[in-house]
Amino acid sequence: MATTYRPILASDIDLVVAMMREFYEIDGYPMDESRSRELFNEFLDNENLGKCWLVLTDGDVVGYVVLTFVFNFEFGGKIAFVDELYISARARRKGIGRDTVEFVKAEARIFGVKMLY
């Protein structure tokens with residue numbers, strides 16, 4: 001099973017929002033799907049806000065991850081947060097989440113992130 005990542009595109013927003021709904025339902029968080037679509041469009045339109053990827057195994061989408069950027073003087077520049085990391089129930093307990101965190105850490109280094117939360 002090969003895990004790969006590809007940037008989320010505007011054409012993926014409905015798919016990602018559906019996964020967000022599943023993710024938020026785990027803990028009973030309220031979600032406004034229309035607002036989430038608006039926020040994703042805004043996020044994708046401004047590369048300074050961060051990066052986001054679909055998580056795929058053997059070509060099938062099994063999740064998504066969102067990395068958001070903040071400027072911080074204490075750490076000397078750009079820091080980042082893993083704002084969202086979702087792996088579908090069918091793909092859990094296979095190391096995909098761990099692999100995704102390692103992927104995000106590597107990407108954060110490429111983007112010059114000084115601290116990753």
Side-chain angles (χ1 to χ4, degrees):
M1 172 175 57
T3 303
T4 57
Y5 307 89
R6 91 161 163 75
I8 293 174
L9 307 171
S11 59
D12 298 317
I13 290 175
D14 285 340
L15 171 63
V16 174
V17 168
M19 287 187 286
M20 286 177 89
R21 183 181 341 102
E22 292 173 14
F23 186 25
Y24 288 24
E25 285 174 353
I26 293 169
D27 290 317
Y29 291 136
M31 180 181 167
D32 180 334
E33 291 186 28
S34 176
R35 182 68 178 134
S36 293
R37 283 185 188 85
E38 290 172 9
L39 289 170
F40 248 104
N41 277 305
E42 180 179 347
F43 189 80
L44 293 175
D45 285 345
N46 186 344
E47 67 182 30
N48 294 317
L49 295 177
K51 304 292 180 186
C52 52
W53 301 269
L54 290 176
V55 180
L56 301 98
T57 57
D58 298 326
D60 293 323
V61 175
V62 297
Y64 70 97
V65 61
V66 177
L67 182 69
T68 59
F69 298 145
V70 176
F71 189 86
N72 181 278
F73 285 91
E74 179 181 354
F75 290 103
K78 189 186 303 181
I79 64 172
F81 294 85
V82 176
D83 185 55
E84 304 241 342
L85 170 54
Y86 173 75
I87 305 297
S88 66
R90 73 182 191 283
R92 292 182 197 146
R93 304 192 64 76
K94 298 178 182 178
I96 298 167
R98 180 187 61 242
D99 292 347
T100 300
V101 169
E102 291 304 315
F103 167 80
V104 169
K105 288 163 87 174
E107 291 293 306
R109 283 190 290 278
I110 292 168
F111 298 127
V113 168
K114 307 298 182 196
M115 170 63 85
L116 178 63
Y117 288 96

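For the numbers below, each heavy atom of this structure counts, side chains included, while hydrogens, waters and symmetry mates do not.
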**Student:** How far apart are the closest heavy atoms of A10 and L44, and which atoms are they?
**Tutor:**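 Heavy-atom minimum between the residues: N-CD1, 3.7 Å.
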**Student:** Can you list everything that forms a side chain to side chain donor-acceptor pair (under 3.5 Å) with R98? Sequence neighbours excluded, please.
**Tutor:**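 For R98 there are no side chain to side chain donor-acceptor pair (under 3.5 Å) partners, ignoring immediate neighbours.
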**Student:** Just by distance, do the side chain of D12 and the backbone of L9 share a donor-acceptor pair under 3.5 Å?
**Tutor:**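 Yes, the answer is positive, given that a donor and an acceptor are paired below the 3.5 Å cut-off.
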**Student:** So, D83 side chain and L67 main chain: donor-acceptor pair closer than 3.5 Å or not?
**Tutor:**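 Pair absent, no side-chain N/O of D83 close to backbone of L67.
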**Student:** Does any N or O in the side chain of N72 come within less than 3.5 Å of the main-chain N or O of E74, such that one atom is a donor and the other an acceptor?
**Tutor:**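 Yes.
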**Student:** Any heavy-atom pair between the side chains of F103 and V55 that's under 4.5 Å?
**Tutor:**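 SC-SC contact between V55 and F103 ruled out.
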**Student:** Treating Ile, Leu, Val, Met, Phe, Trp and Tyr as nodes and any side-chain heavy-atom pair under 4.5 angstrom as an edge, say whether F81 and V65 lie in one connected cluster.
**Tutor:**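 F81 and V65: separate clusters.
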**Student:** For Y24, check ring pair (Phe, Tyr, Trp, His ring centres under 6.0 Å) against everything at least two apart and list the hits.
**Tutor:**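 Not a single residue meets the ring pair (Phe, Tyr, Trp, His ring centres under 6.0 Å) criterion with Y24.
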**Student:** Is there side-chain contact between Y5 and D99, with at least one heavy-atom pair below 4.5 Å?
**Tutor:**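 Yes, their side chains come closer than 4.5 Å.
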**Student:** Please give me the minimum heavy-atom distance between V82 and L85, naming the atom from each residue.
**Tutor:**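 Answer, listing the atom of V82 first, then L85: CG1-CB, 4.1 Å.
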**Student:** Could you check, using the six-membered ring where one of them is a Trp, whether F75 and F73 have ring centers closer than 6.0 angstrom?
**Tutor:**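 No; F73 has its ring centre 6.0 Å or more from that of F75.
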**Student:** Should the pair Y64 and Y86 be assigned to parallel (<30°), tilted (30 to 60°) or perpendicular (>60°) ring geometry?
**Tutor:**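 Tilted, since the angle between the ring planes falls between 30° and 60°.
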**Student:** Any carboxylate oxygen within less than 4.0 angstrom of a Lys/Arg side-chain nitrogen, looking at E25 and R21?
**Tutor:**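 Salt bridge absent between E25 and R21.
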**Student:** Can you give me the closest heavy-atom contact between M19 and L54, atom names plus distance?
**Tutor:**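 What the structure gives for the nearest pair is CE-CD2, 3.9 Å.
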